[in-house]
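What you see below is based on every heavy atom in this structure, not just the backbone, and it leaves out hydrogens, waters and symmetry mates. Residue numbers start from 1 in every chain, and the chains themselves are labelled A, B, ... in the order their sequence lines are given, proteins ahead of strands.
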Amino acid sequence: MTGVDENFDPRAVQDKWQARWEELNPFAASEDPADERPRRYALDMFPYPSGDLHMGHAEAFAIGDAVARYWVQRGYNVLHPIGWDSFGLPAENAAIKRDSHPAEWTYANIDTQAESFKRYAIAFDWSRRLHTSDADYYRWNQWLFLRFYERGLAYRKGGYVNWCPNDQTVLANEQVVAGRCERCHAVVEKRLLTQWYFKITEYADRLLADMEQLDWPERVLLMQRNWIGRSEGADVAFEIEGRAEPVTVYTTRPDTLYGATFFVVAADAALADEICAPEQRAEFEAYRETVRRESEIDRLATDREKTGVFLGRYAVNPVNGERMPVWAADYVLAEYGHGAIMAVPAHDQRDLDFARRFGLPVRVVVHTGDADPGESGVATPGEGELVNSGPLDGLAKSAAIPRITEVLEERGLGKAAVNYRLRDWLISRQRFWGTPIPIIHCESCGEVPVPDDQLPVRLPEDLRGADLSPRGVSPLAAASEWVNVDCPKCGGPAKRDTDTMDTFVDSSWYFLRYCSPDYSDGPFDVEQVRRWMPADQYNGGVEHAILHLLYSRFFTKVLYDMGMVDFTEPFKRLVNQGQVILGGSAMSKSTGNLVDLGAQIDEFGVDAVRLTMMFAGPPEDDIDWADVSPSGSVKFLARVHRVAAEVTSAPGADAATGDAELRKVTHHTIDEVTRLVEGHRYNVAIARMMELTSAARRVIDTGAGAGDPAVREAAETLAVTLSLFSPYTAEEMWARLGHQAPVAKAGWPSADPALLVQESVTCVVQVAGKVRDRLEVSPEIGDDELERLALASEKVQAALADRGIRKVVVRAPKIVNIVPA
RNA sequence: GGGGCCGUAGUCCAAUCAGGCAGGAGACACGCGACUUAGGAUCGCGACAGUGUGGGUUCGAAUCCCACCGGCCCCA
């Protein structure tokens with residue numbers, strides 16, 4: 001062989017260009033107002049610094065990088081920043097274990113990851129790097145908290161909250177997945193605590209309505225819609241005998257009001273305690289104790305037997321005056337609606353299960369045509385005609401709902417109502433490594449905000465190791481010098497709030513900080529944000545479909561209401577990459593089912609690992625590392641590099657004088673790859689680049705040879721397009737072709753339209769749907785002429801034999817289908 | 001229980017949005033040949049087989065519709 005492939009040593013090429021790029025700094029975004037290039041903001045979900053980068057990071061950032069690099073090639077002024085989500089529990093746990101400070105572990109890991117990102121050749125603007133655990137960052141969490149507080153969007157309240165017994169802290173609803181802690185998977189308990197909340201529920205309708213603006217995967221929007229869980233129904237007031245105030249319940253099925261046969265109050269709701277009759281109290285309190293010990297998982301299980309206790313009281317059905325026994329049960333949640341429901345066993349399965357367990361009556365009020373629920377044990381929630389319902393009789397369910405709502409409103413017994421599944425966001429945490437909540441509790445003044453000019457409230461630096469052990473209250477409480485302060489209002493003795501903020505607060509606005517990372521007069525420079533935001537594309541894992549993405553949308557809307565931003569949605573387009581798995585299951589350190597990114601890079605090189613990620617399939621699909629072939633990528637990179645290395649024509653050689661066929665392939669490839677990259681179909685784009693490589697190879701070996709200018713044109717096209725995926729190889733090719741680095745700024749090639757036109761196309765002629773002949777015809781051929789040509793074909797005539805023709809379908813210039821009689 | 005997404009060669013995947021030649025775009029693995037020795041290199045060639053199942057619409061269905069089977073996800 002020529003020996004040039006021996007010159008292509010991926011490791012040497014990496015080291016050489018990484019150093020060179022460090023000098024060139026090609027990806028700094030320009031803030032120059034005179035820079036007229038249109039701006040694009042390519043945003044990646046920032047990493048948590050737990051050890052080094054792993055395969056998942058490698059895929060996610062390879063995708064985001066292809067986007068950013070493509071925009072740079074297209075001549076945009078591109079913002080592609082990086083930072084670290086560096087507060088959080090793992091650092092704290094590591095500090096306890098090692099008797100050190102969380103900052104030590106955190107910043108060491110950040111440095112490791114930063115070095116890996118550089119080696120991995122991600123096109124970041126390194127000058128904008130931020131860490132949420134820096135006081136320069138978290139002071140603005142505190143500042144934002146105070147603005148939320150002023151607007152009534154941050155408040156403290158007592159109630160049952162989710163408690164993770166392992167992490168020894170409360171959790172937001174969004175952090176409880178199927179009854180377990182989303183971090184450590186411990187079964188979540190309920191505790192009665194006073195905690196800080198953000199009033200995200202006030203934005204529920206806007207969070208729903210503004211989804212229209214979003215070019216996001218439909219399934220993510222659907223998940224958010226489900227999470228917010230808007231439902232329409234009615235609030236209905238029920239008298240409870242012996243209680244002055246009526247109790248309001250929310251129902252989505254007011255049409256079934258005549259079918260309500262009992263009333264259920266959440267066992268752990270205050271109402272149950274209040275109305276329980278004295279003779280039932282002992283039984284009720286015993287039951288309540290068992291309920292409190294139950295996990296969310298138990299309570300949600302649909303197949304377990306219903307439990308409950310009669311409270312010895314009766315509610316009155318407002319439409320027919322019937323007395324309904326009031327029960328306490330665990331299948332009604334204290335936090336949902338008003339913590340009490342009217343039970344309609346005929347048309348709600350859980351109510352029916354309860355009724356059958358305790359021998360309560362079942363009354364059908366909607367005739368659905370299905371078996372009687374009282375007999376079958378299967379509730380009938382479907383459409384049907386109302387019966388046993390006084391004035392509603394004969395109406396369809398859909399007509400009965402507005403009718404009964406109207407009646408209730410007329411009589412002052414109820415009204416149409418909207419309910420949400422979404423709860424307010426619980427943001428306080430009883431842990432150390434987070435943003436201190438900037439509130440001071442004064443005995444005489446109550447809650448007093450820390451004045452802005454005293455921000456940041458820094459974390460005390462003398463806590464470390466065992467000081468941080470979880471003990472159910474924040475470790476900050478033990479730092480007495482830090483805790484005890486003078487009240488900013490009255491100067492009297494006061495104590496700091498010792499909880500820290502959920503780290504999802506940090507990540508709800510970091511993308512704004514990137515626009516002006518060193519700004520010191522506010523969380524961000526409003527002008528800079530106006531120029532860069534909203535982000536054009538946001539890349540990250542679907543695991544954030546609800547939590548982070550919902551919170552960020554909420555923050556953006558609040559900032560909009562504060563007049564700090566001029567848009568209501570932060571991320572125009574969202575791309576969720578799949579996971580990298582191994583042998584069909586998720587990679588995990590604990591099971592040893594793991595591929596180490598560093599080892600892959602050592603073996604195959606950065607470019608081959610990146611190319612393998614991008615070529616494996618569509619970005620949103622999972623990649624099973626057992627199914628892909630990084631060695632195949634190595635082979636391709638050597639092959640495409642060899643094409644460039646063999647080129648002997650001079651830079652600037654006139655391609656027009658070169659091989660016409662190869663030129664067509666090159667320009668078709670440019671045209672297709674452009675479209676494919678725009679559509680995020682990188683795997684197909686790479687396949688096209690492989691085809692072009694083969695076409696150039698053929699011309700070198702068996703055609704016009706390596707000196708043909710068309711070969712140079714193909715090689716240059718390959719270098720620039722490959723730079724999105726395998727930047728080191730692309731840079732080396734570009735240098736071999738006699739050009740100046742960086743190839744990243746070479747400029748995207750454009751296809752010559754003249755080379756895209758086809759002189760002839762193959763028209764398929766079918767008889768009864770079977771291909772019988774192929775005709776080479778002009779792409780401009782008319783239907784009539786094509787039909788004549790097709791019918792004249794000998795093969796067609798033979799296939800027809802002596803059958804007549806019933807119909808001829810012509811779709812010029814691609815196909816003719818002749819249907820015999 | 002409700003809703004959503006997905007089933008194409010031994011394997012990963014194209015073509016599905018907008019119905020029109022799957023002699024599958026590309027690749028992995030496999031086999032053969034060439035490179036005057038060798039080949040975990042390179043270049044070339046090849047075979048295999050097939051749109052989950054059953055209906056429907058259509059001149060024509062991987063593509064659209066319905067049902068079923070199987071897998072994944074969200075809510076309950």
Side-chain angles (χ1 to χ4, degrees), chain A residues 1-6 8 177-178 217-231 252 299-303 331 333 336 348-350 352-353 378-382 421-422 542-543 545-546 576 578-579 581 583-584 611-612 614-618 620-636 638-639 642-643 646 668-669 672 676 679 681-694 697-698 700-702 761-775 805-821:
Chain A
M1 250 337 275
T2 59
V4 286
D5 48 324
E6 272 87 299
F8 182 61
V177 178
E218 196 49 50
R219 63 180 177 142
V220 174
L221 295 178
L222 188 68
M223 280 159 79
Q224 292 215 349
R225 235 175 250 126
N226 285 341
W227 186 260
I228 295 167
R230 182 182 200 273
S231 68
T252 55
R299 290 181 70 159
L300 284 171
T302 46
D303 50 351
Y331 79 96
L333 300 177
Y336 186 80
D348 181 281
Q349 189 61 48
R350 292 184 307 173
L352 181 60
D353 294 342
V378 179
T380 58
R421 220 188 71 89
L422 182 70
V542 73
E543 67 273 17
I546 294 170
N576 289 130
Q579 293 192 301
I581 62 174
L611 189 73
T612 303
M614 301 302 282
F615 184 54
E620 60 274 16
D621 285 9
D622 287 350
I623 298 173
D624 193 329
W625 205 249
D627 290 335
V628 297
S629 171
S631 62
S633 300
V634 172
K635 234 165 80 176
F636 168 69
R639 181 175 155 87
R642 203 176 308 120
V643 166
E646 290 176 23
H668 267 113
T669 303
E672 281 203 87
L676 290 163
R681 294 167 56 217
Y682 307 108
N683 56 328
V684 188
I686 291 164
R688 295 292 167 266
M689 289 157 57
M690 289 172 169
E691 289 178 85
L692 177 56
T693 305
S694 293
R697 180 83 256 153
R698 267 194 300 280
I700 293 172
D701 288 347
T702 58
V761 294
T762 305
C763 174
V764 173
V765 185
Q766 299 177 328
V767 176
K770 285 199 174 114
V771 180
R772 296 299 184 181
D773 200 2
R774 293 188 171 78
L775 306 170
I805 294 168
R806 185 153 67 95
K807 188 174 183 181
V808 180
V809 180
V810 185
R811 293 287 179 274
K814 289 164 77 177
I815 198 161
V816 177
N817 188 14
I818 299 161
V819 188

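On the C1' atoms, B:rC21 is 14 Å away from B:rA62, given to the nearest whole Å. Going from the P atom of B:rG52 to that of B:rU8 covers 6 Å, rounded to whole Å. Nucleotides B:rG7 and B:rU16 have their P atoms positioned 12 Å apart, rounded to a whole Å. Across the C1' atoms, B:rC35 and B:rA18 are found 48 Å apart, a figure rounded to whole Å. Comparing B:rC43 with B:rA27, their P atoms sit 11 Å apart, to the nearest whole Å. Taking atom P on both nucleotides, B:rG40 is separated from B:rG31 by 13 Å, rounded to a whole Å. Going from the C1' atom of B:rA29 to that of B:rC75 covers 42 Å, rounded to whole Å. A gap of 34 Å separates the P atoms of B:rC73 and B:rG26, to the nearest Å.
Rounded to a whole Å, the CE atom of A:M223 is 12 Å from the C1' atom of B:rC5. If you measure from atom CD1 of A:I818 to atom C1' of B:rC59, you get 11 Å, rounded to the nearest angstrom. Going from atom CG of A:L611 over to atom P of B:rC13 covers 16 Å, rounded to whole Å. In this structure, OH of A:Y682 is placed 18 Å from C1' of B:rA14, rounded to the nearest angstrom. Rounded to an integer number of Å, the gap from A:D621 CG to B:rA27 P is 20 Å. Between A:Q579 atom CD and B:rC72 atom P there is a gap of 14 Å when expressed in whole angstrom units. Atoms CZ (A:R225) and P (B:rG2) sit 20 Å apart, rounded to a whole Å. If you take NZ of A:K814 and P of B:rG19, they are 10 Å apart, rounded to a whole angstrom.
When heavy atoms are screened at a 4.0 angstrom cut-off, A:R639 is found touching the sugar-phosphate backbone but no base atom. Across all strands, A:D701 comes closer than 4.0 Å only to sugar-phosphate atoms, never to a base (heavy-atom distances). Across all strands, A:R806 comes closer than 4.0 Å to no nucleic acid atom at all (heavy-atom distances). No engagement by A:R219 is indicated, since no non-hydrogen atom pair under 4.0 Å with the nucleic acid exists. Using a 4.0 Å heavy-atom distance criterion, A:Q766 is classed as a base contact. Counting any heavy atom pair closer than 4.0 Å across all strands shown, A:V809 reaches a base atom. Note on A:V819: only backbone sugar-phosphate atoms sit closer than 4.0 angstrom, heavy atoms only; bases stay farther off. Across all strands shown, A:P381 has no heavy atoms under 4.0 Å from either base or sugar-phosphate atoms. Contact annotation for A:F615: base contact, defined as any heavy-atom pair under 4.0 Å involving a base atom. When heavy atoms are screened at a 4.0 angstrom cut-off, A:T702 is found touching no nucleic acid atom at all. At a threshold of 4.0 angstrom between heavy atoms, the contacts of A:L222 are confined to the sugar-phosphate backbone, with no base atom among them.
Neither OP1 nor OP2 of B:rA27 sits under 4.0 Å from any side-chain N or O of A:K635.
Looking at the side chain of A:M690, the nearest of the listed nucleotides B:rU42, B:rC21, B:rG26 is B:rG26. Checking B:rC28, B:rC74, B:rG44 against the side-chain heavy atoms of A:S629 singles out B:rC28 as nearest. The side chain of A:N226 approaches B:rC75 more closely than any other nucleotide in the set B:rC75, B:rC43, B:rC21. When the nucleotides B:rC74, B:rC43, B:rU11 are ranked by their closest atom to the side chain of A:I546, B:rC74 comes out on top. Between B:rC21, B:rC59, B:rA14, one nucleotide has an atom nearer to the side chain of A:N683 than all others, and that is B:rA14.
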Taking Watson-Crick and G-U wobble contacts under 3.5 angstrom, with | marking pairs to another strand and [ ] crossing pairs, the secondary structure of RNA chain B is written (((((((..((((......[...).))).(((((.......))))).....(((((..]....)))))))))))).
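In this model, a side-chain donor or acceptor of A:N817 finds a partner on the base of B:rC59 within 3.5 Å.
At least one donor-acceptor pair under 3.5 Å links the side chain of A:Q224 to the backbone N or O of A:A545. Remark: side-chain polar atoms of A:D622 are paired, donor with acceptor, to backbone N or O of A:Q579 under 3.5 angstrom.
Across the interface with RNA chain B, nearest-nucleotide mapping of A:A626 and A:K807 shows A:A626 to be the residue nearer the 5′ end. Each of A:I815 and A:I686 was assigned the nucleotide of RNA chain B with the nearest heavy atom; the assignment lying further toward the 5' end belongs to A:I815.
Taking every heavy atom of both residues into account, A:G769 and A:N817 meet most closely at N-OD1, 3.2 Å. Closest non-hydrogen pair, A:P618 versus A:N683, comes out as N-ND2, 3.7 Å.
Taken to the nearest 0.5 Å, the CZ atom of A:R698 stands 10.5 Å off from the OG1 atom of A:T693.
Applying the salt bridge (Lys or Arg N to Asp or Glu O under 4.0 Å) rule to A:R772 yields no partners; only residues at least two apart in sequence or on another chain are considered. The salt bridge (Lys or Arg N to Asp or Glu O under 4.0 Å) search around A:D773 returns A:K795, not counting sequence neighbours. In this view, A:D701 and A:R697 satisfy the salt bridge (Lys or Arg N to Asp or Glu O under 4.0 Å) rule, not counting sequence neighbours. Scanning for side chain to side chain contact (heavy atoms under 4.5 Å, CB included) contacts around A:R225 gives A:L208, A:M211, A:E218, A:L221, A:L222, with sequence neighbours left out. Residues satisfying the side chain to side chain contact (heavy atoms under 4.5 Å, CB included) test with A:V761, not counting sequence neighbours, are A:Q758, A:V777, A:P779, A:P813.
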